[in-house]
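Structure, as structure tokens:
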Amino acid sequence: FVLVVGSYSCKLFGVAVLARLGDGSGDLDPRFAWFPSVAALIPPALFAALIAVQTLESDGAVQLDARAVGVAAGAVAVWRRAPFVLVVVVAMAVTALIRWQT
């Protein structure tokens, strides 16, 4: 319940702040022109943090295992500009191969 209220409060705060930064015509006040570019960086940062926690955390401790190798392989595929489906398949295959070997 607390997480739901906190999440929606953050979203409401973002909408309220953006509404107040404008001049009423839909354009941002020039003093706050930096805000959309900074706000656009928040979702990728949160997504990266989620991936890091889900990949590296196990039983409250950092653990480097097959998941980390799979994410690294997926990162290489992204770097090589592979299609998204291929990135997922590469990450899954590498993770499965490492787990199969151990």
Side-chain angles (χ1 to χ4, degrees):
F1 179 75
V2 172
L3 292 175
V4 170
V5 170
S7 176
Y8 281 107
S9 298
C10 286
K11 289 180 182 188
L12 179 63
F13 176 75
V15 171
V17 167
L18 281 176
R20 293 191 183 260
L21 292 179
D23 59 4
S25 67
D27 295 331
L28 283 177
D29 186 324
R31 295 176 296 169
F32 302 110
W34 57 269
F35 188 79
S37 60
V38 171
L41 296 175
I42 294 172
L46 289 174
F47 189 60
L50 249 166
I51 290 172
V53 167
Q54 292 295 318
T55 301
L56 302 174
E57 188 271 333
S58 183
D59 297 328
V62 174
Q63 182 175 359
L64 295 174
D65 58 4
R67 296 175 295 175
V69 178
V71 169
V76 169
V78 167
W79 174 62
R80 301 293 297 165
R81 301 191 190 277
F84 179 72
V85 173
L86 184 61
V87 170
V88 173
V89 169
V90 165
M92 286 184 344
V94 169
T95 302
L97 183 65
I98 297 294
R99 286 183 176 173
W100 181 61
Q101 293 294 324
T102 57

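Any value given below was found using the heavy atoms of this structure, including those in side chains, with hydrogens, waters and symmetry copies removed. Everything numeric in this text was worked out from a predicted model, so none of it was measured. Residue numbers count from 1 along this sequence.
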Who are the side-chain contact (heavy atoms from CB on, under 4.5 Å) partners of [X], not counting sequence neighbours?
X     : result
Ala91 : none
Ala68 : Thr55, Leu56, Leu64
Val5  : Phe1, Ser9
Val78 : Val87

Does anything in residues 63-83 form a side-chain hydrogen bond (donor to acceptor under 3.5 Å, both in side chains)? List the pairs, not counting sequence neighbours. Ser58-Gln63, Asp65-Arg67
Residues clustered with Leu3, ILVMFWY side-chain links under 4.5 angstrom: none
Connected to Val69, directly or through other members, by ILVMFWY side-chain contacts below 4.5 Å are Leu86, Val90, Val94, Ile98
